[in-house]
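Accompanying notes for the structure given below.
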Amino acid sequence: MRRRREEYQRLLERGVNPYPYRFDVTATASDILDRFRDEDGPWEVSVAGRIMTMRRMGKATFAHIQDHTARIQIYLKSDDLGTEVYETVRLLDIGDIVGVEGTVFRTRTGEISVHARSLTLLAKSLRPLPVPKEKRDEAGNRVVYDPFTDKELRYRKRALDLLLNPDVRRVFIKRTEIVRALRSFLDARGYLEVETPILQPVYGGATARPFVTHHNALDIPLYLRIADELYLKRLLIGGFEGVYEIGKDFRNEGMDRNHNPEFTMLELYVAYKDYAWMMEFTEEMIIAVNRSVNGSDTITVGGTELSFAPPFRRIPMRAAIAEYTGESIDGLDEDGLRAAARRLGVDVEGQAGPGRVIDAIFSARVEEHLVQPTFITDYPIELSPLAKRHRSLPGTVERFELYVHRMEIANAFSELNDPLDQRERFLEQARLRARGDEEAMTTDEDFLEMLEYGMPPAAGLGIGIDRLTMLLTGSPSIRDVILFPTMRPER
RNA sequence: GGGGCUGUAGCUCAGUGGUAGAGCAUCUGCCUUUUAAGCAGAGGGUCGAUGGUUCGAUCCCAUCCAGCCUCACCA
């Protein structure tokens, strides 16, 4: 670092600006590598990138520069650059960003390279970049020595992670492709992408603890949204018939492999449809997105082959419990359910209602089996205060979740649009809250008022974009698919 | 929150109750088609932090900080 500061000074003394304004590029590294043909003769290019390797040999230097597409070797020769410029070359370091103009050629060892006619320093790097050495083995595989792998450093200094680990770069490119594929799937069907408030005076749409902030001018607390749901439903009331939003939600809860305090959610609401329709739609969309980013209906995640061939399995929650535990819970009251949970060795908190008991059994004994894409349907009513009562199964709502690789990917229901029923459900949540359930939903009076004007029957869907990305990129942790995951501050 | 593991040079890691090492990176010299370039030489560390035990601690003990794994909680 100190030495590089000195180089900075020496560059200034030589009249070289270490941070110039502009450099015009005519080709990327991969353009050059893909298009070069020996028989075509000299090809003039202008490329720019960061120096990642350097081999100095007296009056000549070989280096690799990396741009956003690939690495390309450049050949810097004193005779061609002139001794004056070559003195500047001597002051270059790994990590510096340079622009090179020259001709494409193939070296004696066969590597396509750029023979520099001129070189421009574009940005001096003042810190040493931990670039690992690498080579190709006989089979042409990339072998990296002492790679930059420390997870904490990778997450805290993501820029270096992206620079040094091409696989990381690929994951984030794929994340963008996934979002783009979702968006174009929805746009092609005429749904309207909208933006709703992140700062909300009343938080709702999910059961979770919020982040609280304060608005100075209004002198009121505001909450970072935990879900978009209630605002998107207001848009259905307002006459839009298909709306979606892709945005961040915030939940003030624990962090682990599957949870980050801020995460990205897609929510979609479609008028006049129900959850059965939404199930078909979700299946079609997931298949389309996976095909567009992975080019196949079969992917391998953690050594397991997953098939996205339709139709995905569909099974009601109770049937899934019966299948994987051998315990039928049909017709059981709360005491019966508790007894069943005990037999299955599932711990249930003291004051949980019957729905929570079912959920506990499901989480503990069923989820682990849901590897291939599976729709779980028909959830207990008290777990789903915004979902419509099932048309034929008392005590349940018309809701499904999609599980893949033991992970919940999507959640959807026939949306509750009866304002009287909705008020009852909020009251029930208030009772749960009074009993100490911190996550029970708060009553949103403004939403209820809007609902009283009439909301069309509708189906709603939420998809966790981070988890979907984990799945489709085979990433084991949510931090591998969030560019800047939440970290405890360094001290 | 419970349990396990980790923290030593810029990076990846070894090591020891007696003041610290390797490879790469860095610096100096030589080298005009090299590619984990090579050859010769050199510098570089509060051994995560604070206390304790000890004549002496990077090493043993305690606490703290940070991270990873796992369980719990949680969508």
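Note that the coordinates shown come from a computational prediction; the quantities given were computed from them, not determined experimentally. Lettering follows sequence order; numbering is per chain, from 1.
- Rounded to whole Å, atom P of B:C13 lies 11 Å from atom CG of A:Leu153.
- Cation-pi geometry between A:Arg175 and A:Phe172 is not met at under 6.0 angstrom from the ring centre and within 45 degrees of the axis.
- Between A:Arg225 and A:Tyr231, every side-chain heavy-atom pair lies at or beyond the 4.5 Å cut-off.
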Using the side-chain contact (heavy atoms from CB on, under 4.5 Å) rule, take A:Leu386 and A:Gln422 through it: C-alpha gap first, then chi angles, then the decisive distance, then the call.
-> CA-CA 7 Å; A:Leu386 302 169; A:Gln422 183 66 77; 3.6 Å; yes

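- By the 5.5 angstrom centroid cut-off and the 30-degree plane limit, A:Tyr145 is classified as stacked against the base of B:A36.
- Nucleotide B:G21 forms a pair with B:C13, judged by Watson-Crick or G-U wobble geometry with both contacts under 3.5 Å.
- With distances taken from any side-chain atom of A:Phe62 to the nucleotides B:U34, B:A66, B:A75, the minimum falls on B:U34.
- For the C1' atoms, the distance from B:U26 to B:C11 is 12 Å, rounded to whole Å.
- In terms of phosphate contacts, A:Arg108 brings a side-chain nitrogen or oxygen within less than 4.0 Å of OP1 or OP2 of B:U34.
- As rounded to the nearest Å, B:C55 and B:A49 have P atoms that lie 24 Å from one another.
- Between A:Arg467 and B:A75 there is no side-chain polar atom (N or O) within less than 4.0 angstrom of OP1 or OP2.
- As judged by a 4.0 angstrom heavy-atom cut-off over every strand, A:Glu408 is placed among the base-contacting residues.
- Remark on RNA chain B: of its neighbouring residues A:Arg479 and A:Glu401, the 5'-side contact belongs to A:Arg479, judged by nearest-heavy-atom nucleotide.
- With salt bridges taken as basic N to acidic carboxylate O contacts below 4.0 Å, none links A:Arg136 and A:Glu111.
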Report the C-alpha distance between A:Tyr203 and A:Asp444 in whole Å, list the side-chain angles of each, state the deciding distance to 0.1 Å, and finish with yes or no for side-chain hydrogen bond (donor to acceptor under 3.5 Å, both in side chains).
-> CA-CA 8 Å; A:Tyr203 61 94; A:Asp444 187 334; over 6 Å; no

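- Counting any heavy atom pair closer than 4.0 Å across all strands shown, A:Arg209 reaches no nucleic acid atom.
- A 4.5 Å side-chain heavy-atom check between A:Asp249 and A:Phe263 finds at least one atom pair inside the cut-off.
- Straight-line distance between the C1' atoms of B:G38 and B:C64: roughly 49 Å, to the nearest whole Å.
- For A:Tyr403 against B:A75, a side-chain-to-base donor-acceptor contact under 3.5 Å is present.
- Residues A:Thr107 and A:Phe62 form a side-chain contact, since some pair of their non-hydrogen atoms from C-beta on lies under 4.5 Å apart.
- Using a 4.0 Å heavy-atom cutoff across all strands shown, A:Phe263 reaches no nucleic acid atom at all.
- Remark: P of B:A36 and CE of A:Met54 are 17 Å apart, rounded to the nearest angstrom.
- The separation of B:U16 from B:U6, taken at their P atoms, amounts to 14 Å, rounded to a whole angstrom.
- If you take atom C1' in B:C60 and the same atom in B:U53, they sit 8 Å apart, rounded to whole Å.
- For B:U32, the base has no donor-acceptor partner in the side chain of A:Ser78 [N/O atoms by modelled type, under 3.5 angstrom].
- Between A:His390 and A:Tyr275, the ring-plane angle classifies as perpendicular under the 30° and 60° cut-offs.
- Across all strands shown, A:Asp256 has heavy atoms under 4.0 Å from base atoms, whether or not it also approaches the sugar-phosphate.
- Atom CD of A:Glu229 is separated from atom C1' of B:A75 by 13 Å (rounded to the nearest Å).
- When both distances must be under 3.5 Å, the Watson-Crick or G-U wobble mate of B:C39 is B:G29.
- Here A:Thr149 lies in heavy-atom contact (under 4.0 Å) with sugar-phosphate atoms only.
- Side-chain N/O atoms of A:Gln73 and base N/O atoms of B:U34 include a donor-acceptor pair closer than 3.5 Å.
- Summarising the geometry, the separation between CG on A:Asp79 and C1' on B:U33 is reported as 13 Å, rounded to the nearest angstrom.
- The pairing partner recorded for B:C73 is none, the criterion being a Watson-Crick or G-U wobble arrangement whose two distances lie under 3.5 angstrom.
- Nucleotides B:G23 and B:C59 place their P atoms 26 Å apart, quoted to the nearest Å.
- When distances are taken from the side chain of A:Asp146 to each of B:U34, B:C68, B:U12, the shortest belongs to B:U12.
- The phosphate of B:A75 has OP1 or OP2 within less than 4.0 Å of a side-chain N or O from A:Thr207.
- Tested against A:Leu268 for a side-chain contact (heavy atoms from CB on, under 4.5 Å), the candidates A:Leu186, A:Ile246, A:Val243 yield a single pass: A:Leu186.
- Within 4.0 Å (heavy atoms only), A:Arg399 reaches at least one base atom of the nucleic acid.
- A:Lys77 comes within contact range of at least one nucleobase, with a heavy-atom separation under 4.0 Å.
- Along RNA chain B, the nucleotide closest to A:Ser477 and the one closest to A:Gly254 are compared, and the more 5′ of them pairs with A:Ser477.
- For B:C61 and B:C5, the P atoms lie 12 Å apart once the distance is rounded to whole Å.
- When each of B:C74, B:U33, B:C11 is scored by its nearest atom to the side-chain atoms of A:Met57, the top-ranked nucleotide is B:U33.
- Nearest to the side chain of A:Pro130, among B:U12, B:C68, B:G10, sits B:G10.
- A salt bridge is absent between A:Arg10 and A:Glu7: the closest approach of a Lys/Arg side-chain nitrogen to an acidic carboxylate oxygen does not fall below 4.0 angstrom.
- Residue A:Ala206 is out of contact with every strand shown, counting any heavy-atom pair closer than 4.0 Å.
- Rounded to an integer number of Å, the gap from NZ of A:Lys151 to C1' of B:U12 is 16 Å.
- Remark: B:C5 base-pairs with B:G67. Criterion, Watson-Crick or G-U wobble with two distances under 3.5 Å.
- For A:Phe105, whose side chain is taken as the heavy atoms from C-beta onward, the closest listed nucleotide among B:U33, B:U32, B:A75 is B:U33.
- Heavy atoms of A:Asn411 sit nowhere under 4.0 angstrom from any nucleic acid atom.
- Note: CE (A:Met52) to P (B:A25) measures 14 Å, nearest angstrom.
- A sub-4.0 Å separation between OP1 or OP2 of B:C65 and a side-chain N or O of A:Arg488 is absent.
- Among the nucleotides B:C74, B:U32, B:G67, the one closest to any side-chain atom of A:Glu253 is B:C74.
- Between the CD atom of A:Glu262 and the P atom of B:A75 there is a distance of 19 Å, rounded to whole Å.
- Distance from the side chain of A:Asp93 is smallest for B:C27 among the nucleotides B:C27, B:A75, B:C11.
- You'll find that the side chain of A:Ile94 is closest to B:U26, out of B:U26, B:A66, B:U12.
- One C1' atom belongs to B:U8, the other to B:U46, and the distance between them is 12 Å to the nearest Å.
- Residue A:Leu164 contributes atom CG, which lies 16 Å from atom P of B:G10 at whole-angstrom precision.
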